[in-house]
**Q** 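One structure is given below, represented as structure tokens, and several questions about it will come after.
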Amino acid sequence: MKREKIKALLASGGTDREVLVKGWVRTKRGSKNIAFIALNDGSTIKNIQVVADVSGFDEQLMKEITTGACIAVRGRLAGSEGSGQDVEIRAESIELYGKADPETYPLQKKGHTMEFLREIAHLRPRTNTFGAVLRIRHALAYAIHKYFNDKGFYYLHTPIITSSDAEGAGEMFQVTTLDLGSVPKKTDGSVDFSDDFFGKPTNLTVSGQLEGELGALAIGEIYTFGPTFRAENSNTPRHLAEFWMIEPEMAFYDLNDNMDLAEDFVKYLIRYALENCSDDLDFLNKMISKDLLERLDFVINNEFIRMTYTEAVGILEASGRKWVYGTGWGKDLQAEHERYLVEEYFRCPVILTDYPKVIKAFYMKQNDDGKTVRAMDVLFPGIGEIIGGSQREENYEKLLARIQELGLPEKDLWWYLETRKFGTAPHSGFGLGFERFVQFVTGMANIRDVIPFPRTPKNAEF
RNA sequence: UCCUCAGUAGCUCAGACGGUUAGAGCGGCGGACUGUUAAUCCGUAGGUCGCAGGUUCGAUCCCUGCCUGGGGAGCCA
């Protein structure tokens, strides 16, 4: 007999037939004569109720069917006499795959705090909340590939190990095979990397963007979707040391095309989740974040506000607010400023453009005013900056001048500069932090709870 | 990294001017119950009071340091 997944079984509609299901026991209740087992196999947030007439089963077996145990149930699918569910399985035989000693199994029927569940990350996927988050995370990852594939973008695999700190996106994790107990030194005392695996210092990537640009300037429109690593000592509900980032890069896109793509992309993903994960989103809306569905609907049904950094500063200065951080032109916007614009003034996602060049990266296209660059940040309620992007500087002289002005390692960037030397083209791109986006879609308050195994300062367990 | 709060039973928390046997709810275990929905009812076991020093006749409680976690900030996605 073929095992059926609970999701398919519940969707099938028919009753009065033999079925075989396998899964993990969520709860068992009942009396001396009858037992009710809520069984979940991860295919859906919904459990199937298994009803067992106790007299027909081995006493020891029934005793060992406890919360967390894994069982296979063969029985008859039937309409339920109880009110909590439409159908249930009248068990005819039960096989116990794995016991879960109730005295030591850490998951209870009652709710647990997110902090506690983080300590048992190997078991937390068995909870309703994490099951829902993991299914939604999967659906969003799939939708990302589908969106870009359908638009003719190519998935470009940029390197995880890199040898330059050109992007300057943050502190990096060093990659080495040198024996840290006795590091080879040169005569001047500095580390001799010639014996290291790559013969020079290497690190884990902080961004695939620069390599992404190489792809865009050859095959037109590409995207990356991979892990990135930042060794920043950031301890916040919005930062991870290891996170996933999506970075599309497009030839012949100007900043407006870039913004259009970003907005359309984000709305597509939310719509995809609403259409394909409604059970999980309903659960999260009820148990985790009260107005979740309302927020998601709002984002897909409203145009993002677009304005320049300069206009935004004007709004902040006209607000009459007392800010902890000053708001003069040329200063970067702080969390309190972004929050005011998004959550109070507009109450809508906002795209800010044309930031002062001094606070932005070297590769952004310089405007004719000599002061600003064609940058864009997409700001979301609750999580702040979710997308950062720009039109890239395609002019060789201007790009080189900026690199020199900032004292960046020109030698390490020779390959990047050559794209502007040989057949340069206007192009744009952006980066979307995947976990921050999953946070927004699921309503989870802490980014550590939207990735199966979070990596944060002082924590690399599991 | 800075500011701030916290760490007591498996979980969530209460507690004491510094003073003999540290409490509750839930969970577990035992029992009752012919259909339950985080079942209900009765009973019961369970604690190095985060770690290391210090003050004291005596510290889980006061002081110092450290560790871990939450929130806020910075850095950013």
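For the numbers below, each heavy atom of this structure counts, side chains included, while hydrogens, waters and symmetry mates do not.
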**Q** Given the structure, check if the side chain of A:Ser234 and the base of B:C75 hold any donor-acceptor pair shorter than 3.5 Å.
**A**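 By the distance-only test, yes, there is a pair.
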**Q** What's the closest nucleotide to the A:Gln49 side chain, out of B:A38, B:A77, B:U36?
**A**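 Nearest listed nucleotide: B:U36.
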**Q** Considering only atom C1', compute the distance from B:A6 to B:C51 and round it to an integer number of Å.
**A**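 One C1' to the other, the span is 16 Å.
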**Q** Closer than 3.5 angstrom, by distance alone: can the side chain of A:Arg126 be matched with the main-chain N or O of A:Arg26 as a donor-acceptor pair?
**A**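 A pair under 3.5 Å: no.
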**Q** Testing A:Phe265, A:Phe153, A:Tyr155 one by one against A:Tyr223 for a ring pair (Phe, Tyr, Trp, His ring centres under 6.0 Å), which residue passes?
**A**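 Of all the options given, the one that passes is A:Tyr155.
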**Q** Is it true that A:Thr113 and A:Arg118 share a donor-acceptor pair across their side chains at a distance under 3.5 Å?
**A**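 Side-chain D/A pair, A:Arg118 to A:Thr113: absent.
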**Q** How close or far is atom C1' of B:G28 from atom NZ of A:Lys28, stated in whole angstroms?
**A**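 My rounded result for the distance is 14 Å.
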**Q** In terms of side-chain heavy atoms, does A:Asn258 have a donor or acceptor partner in A:Asp260 at a distance below 3.5 Å?
**A**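 Side-chain D/A pair, A:Asn258 to A:Asp260: absent.
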**Q** How many whole angstroms separate atom CG of A:Leu117 from atom P of B:G69?
**A**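 Value for this atom pair: 15 Å.
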**Q** Which nucleotide in the set B:G35, B:G69, B:C75 lies at the smallest distance from any side-chain heavy atom of A:Asn459?
**A**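 Ranking B:G35, B:G69, B:C75 by closest atom to the A:Asn459 side chain puts B:G69 first.
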**Q** Can you tell me, in whole Å, how much space there is between the C1' of B:U60 and that of B:G53?
**A**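 Their C1' atoms lie roughly 16 Å apart.
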**Q** Categorize A:Glu461 for me: base, sugar-phosphate, or nothing, with a 4.0 angstrom heavy-atom threshold over every strand shown.
**A**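 It contacts nothing in the nucleic acid.
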**Q** Would you indicate whether the side-chain heavy atoms of A:Lys365 and A:Arg392 approach each other to under 4.5 Å?
**A**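 They are not in contact (no side-chain heavy atoms under 4.5 Å apart), so the answer is no.
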**Q** Would you check if there is a donor-acceptor pair between the side chains of A:Ser31 and A:Asn33 at a distance under 3.5 Å?
**A**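 A:Ser31 and A:Asn33 do not have a side-chain donor-acceptor pair below 3.5 Å.
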**Q** Tell me which nucleotide, if any, is Watson-Crick or G-U wobble paired with B:G28 when both distances must be under 3.5 Å.
**A**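 Looking at the geometry, B:G28 pairs with B:U44.
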**Q** Can you tell me which nucleotide in B:G35, B:A73, B:A77 comes closest to the side chain of A:Val51?
**A**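 Closest nucleotide among those given: B:G35.
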**Q** State the pairing partner of B:U68; accept Watson-Crick or G-U wobble contacts with both distances under 3.5 Å, and report none otherwise.
**A**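 Answer to the pairing question: B:A6, which forms a Watson-Crick or G-U pair with B:U68.
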**Q** Measure from the ring centre of A:Phe36 to the centre of the six-membered ring in the base of B:G35, then say whether that distance is under 5.5 Å and the planes meet at under 30°.
**A**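 Stack criterion not met.
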**Q** Only pairs with both distances under 3.5 Å count, Watson-Crick or wobble alike; so what is the partner of B:A73 in this structure?
**A**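 Its partner is B:U1 (Watson-Crick or G-U wobble, both distances under 3.5 Å).
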**Q** Relative to each other, are the rings of A:Tyr147 and A:Tyr268 parallel, tilted or perpendicular (30° and 60° limits)?
**A**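 Because their plane-to-plane angle lies in the 30° to 60° range, the rings of A:Tyr147 and A:Tyr268 count as tilted.
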**Q** Which nucleotide, if any, forms a Watson-Crick or G-U wobble pair with B:A38, using both distances under 3.5 Å?
**A**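 In the structure as shown, B:A38 has no Watson-Crick or wobble partner.
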**Q** Whole-Å distance between B:C75 P and A:Glu385 CD?
**A**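 It is 11 Å, rounded to the nearest whole Å.
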**Q** Does the separation of the ring centres of A:Phe434 and A:Phe225 fall below 6.0 angstrom?
**A**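 Ring centres of A:Phe225 and A:Phe434 closer than 6.0 Å.
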**Q** What interatomic distance, in whole Å, is found between P of B:U56 and the corresponding atom of B:G47?
**A**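 Looking at atom P only, B:G47 and B:U56 are 33 Å apart.
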**Q** Whether A:Arg29 contacts B:U36 is assessed here as follows: a side-chain N or O lying under 4.0 Å from the phosphate OP1 or OP2. Is that the case?
**A**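 For A:Arg29, the contact criterion (side-chain N or O under 4.0 Å from OP1 or OP2 of B:U36) is not met.
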**Q** For B:C75, take OP1 and OP2 only and decide whether either is under 4.0 Å from a side-chain N or O of A:Gln334.
**A**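 So the side-chain polar atoms of A:Gln334 do come within 4.0 Å of the phosphate oxygens OP1 or OP2 of B:C75, strictly under.
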**Q** Less than 4.0 Å between a side-chain N and a carboxylate O, is that true for A:Lys267 and A:Glu263?
**A**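 Salt bridge flag = yes for A:Lys267 with A:Glu263.
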**Q** Figure out the NZ/P separation between A:Lys109 and B:G27, and round it to whole Å.
**A**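 So the two atoms are 7 Å apart, to the nearest Å.
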**Q** So what does A:Phe440 touch, heavy atoms closer than 4.0 Å: a base, only the sugar-phosphate, or nothing?
**A**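 No contact.
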**Q** Answer with base, sugar-phosphate or nothing: what part of the nucleic acid does A:Thr228 contact at a heavy-atom distance below 4.0 Å?
**A**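 A:Thr228: no heavy atom of the nucleic acid under 4.0 Å.
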**Q** Can you confirm whether the side chains of A:Asn459 and A:Arg448 place a donor and an acceptor under 3.5 Å from each other?
**A**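 Result is no, nothing qualifies.
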**Q** Please determine, for B:G18, whether a Watson-Crick or G-U wobble partner exists with both distances under 3.5 Å, and give it or none.
**A**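 B:G18 is unpaired by these criteria.
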**Q** Is A:Gln85 touching bases, backbone alone, or none of the nucleic acid, heavy atoms closer than 4.0 Å?
**A**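 Result for A:Gln85 = base.
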**Q** Tabulated below should be each protein N or O lying under 3.5 Å from an N or O of nucleotides 31-34 of chain B; please produce it.
**A**
{"unit_1": "B:C33", "atom_1": "OP2", "unit_2": "A:Lys32", "atom_2": "NZ", "d": "2.8"}
{"unit_1": "B:C33", "atom_1": "N4", "unit_2": "A:Lys32", "atom_2": "N", "d": "3.4"}
{"unit_1": "B:U34", "atom_1": "O4'", "unit_2": "A:Asn33", "atom_2": "ND2", "d": "3.3"}

**Q** Under 4.0 angstrom, heavy atoms only, what part of the nucleic acid is A:Ala335 near: base, sugar-phosphate, or nothing?
**A**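 Result for A:Ala335 = sugar-phosphate.
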**Q** With the threshold set at 4.0 Å, does a side-chain nitrogen-carboxylate oxygen contact exist between A:Arg76 and A:Glu18?
**A**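 So A:Arg76 pairs with A:Glu18 through a salt bridge.
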**Q** Roughly how many Å apart are B:A52 and B:G28, using the C1' atom of each and rounding to a whole number?
**A**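 Going atom to atom, C1' in each nucleotide, I get 34 Å.
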**Q** Would one find a side-chain N or O of A:Asn446 under 4.0 angstrom from OP1 or OP2 of B:G71?
**A**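 A:Asn446 to B:G71 OP1/OP2: side-chain N or O found under 4.0 Å.
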**Q** With A:Asp354, which of A:Lys371, A:Arg374, A:Lys360 fulfils salt bridge (charged side-chain N to carboxylate O under 4.0 Å, His left out)?
**A**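 That would be A:Arg374; it is the only one of A:Lys371, A:Arg374, A:Lys360 passing the salt bridge (charged side-chain N to carboxylate O under 4.0 Å, His left out) with A:Asp354.
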**Q** Provide the distance between the two C1' atoms, one in B:A38 and one in B:C17, to the nearest whole Å.
**A**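 The answer is 42 Å between these two C1' atoms.
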**Q** By nearest atom, which of the nucleotides B:G74, B:U36, B:A39 is closest to the A:Ser80 side chain?
**A**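 Given the options B:G74, B:U36, B:A39, the side chain of A:Ser80 is closest to B:U36.
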**Q** Could you go over nucleotides 5-15 of chain B and give all protein N or O partners under 3.5 Å, atom names and distances?
**A**
{"unit_1": "B:G10", "atom_1": "N2", "unit_2": "A:Gln108", "atom_2": "OE1", "d": "2.4"}
{"unit_1": "B:G10", "atom_1": "N3", "unit_2": "A:Gln108", "atom_2": "OE1", "d": "3.2"}
{"unit_1": "B:U12", "atom_1": "OP1", "unit_2": "A:Thr113", "atom_2": "OG1", "d": "3.0"}

**Q** What is the distance from CG of A:Asn235 to C1' of B:G71, rounded to the nearest Å?
**A**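 Atom-to-atom, A:Asn235 to B:G71, this comes out as 12 Å.
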**Q** Within the structure shown, what part of the strands sits under 4.0 Å from A:Thr67 by heavy-atom distance: base, sugar-phosphate, or nothing?
**A**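 The residue A:Thr67 makes no contact with any strand.
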**Q** OP1 or OP2 of B:G71 sitting under 4.0 Å from any side-chain N/O of A:Arg448?
**A**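 So the side-chain polar atoms of A:Arg448 never come under 4.0 Å of the phosphate oxygens OP1 or OP2 of B:G71.
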**Q** Using whole Å, what does the distance between atom P of nucleotide B:U36 and atom CD1 of A:Ile48 come to?
**A**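 Rounded to the whole Å, the gap is 18 Å.
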**Q** Atom CD of A:Glu171 to atom C1' of B:U1: distance rounded to whole Å?
**A**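 For the pair A:Glu171 CD and B:U1 C1', the rounded distance is 12 Å.
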**Q** Rounded to whole angstrom, note down the P distance from B:G10 over to B:C2.
**A**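 Those two atoms are separated by 33 Å.
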**Q** Applying a 4.0 Å non-hydrogen cut-off, can you work out what A:Leu240 is touching in the nucleic acid: base, sugar-phosphate, or nothing?
**A**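 A:Leu240: base contact, heavy atoms under 4.0 Å.
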**Q** Mapping A:Lys458 and A:Gly431 onto RNA chain B by nearest heavy atom, which one lands closer to the 5' end?
**A**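 This one resolves to A:Lys458.
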**Q** Decide whether A:Glu336 and A:Tyr325 meet the rule of one side-chain donor and one side-chain acceptor closer than 3.5 Å.
**A**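 Not at all, the side chains of A:Glu336 and A:Tyr325 share no donor-acceptor pair under 3.5 Å.
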**Q** RNA chain B: A:Glu88 or A:Pro102, which has the more 5' nearest nucleotide?
**A**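 Taking each residue's closest nucleotide, the earlier one in sequence belongs to A:Pro102.
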**Q** For B:G70, does OP1 or OP2 lie under 4.0 Å from any side-chain N or O of A:Arg118?
**A**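 Yes.
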**Q** For atom P, what is the distance between B:C67 and B:C57, given to the nearest Å?
**A**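 It comes out at 32 Å once rounded to the nearest Å.
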**Q** Using whole Å, what does the distance between atom P of nucleotide B:G35 and atom CD1 of A:Ile37 come to?
**A**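 From A:Ile37 CD1 to B:G35 P: 16 Å.
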**Q** If I pick the C1' atom on B:A24 and the same atom on B:C49, what distance separates them, to the nearest angstrom?
**A**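 Here B:C49 and B:A24 have their C1' atoms 16 Å from each other.
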**Q** Does A:Gly431 offer a backbone N or O that forms a donor-acceptor pair with the side chain of A:Glu247 under 3.5 Å?
**A**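 Not confirmed, A:Glu247 side chain does not pair with A:Gly431 backbone.
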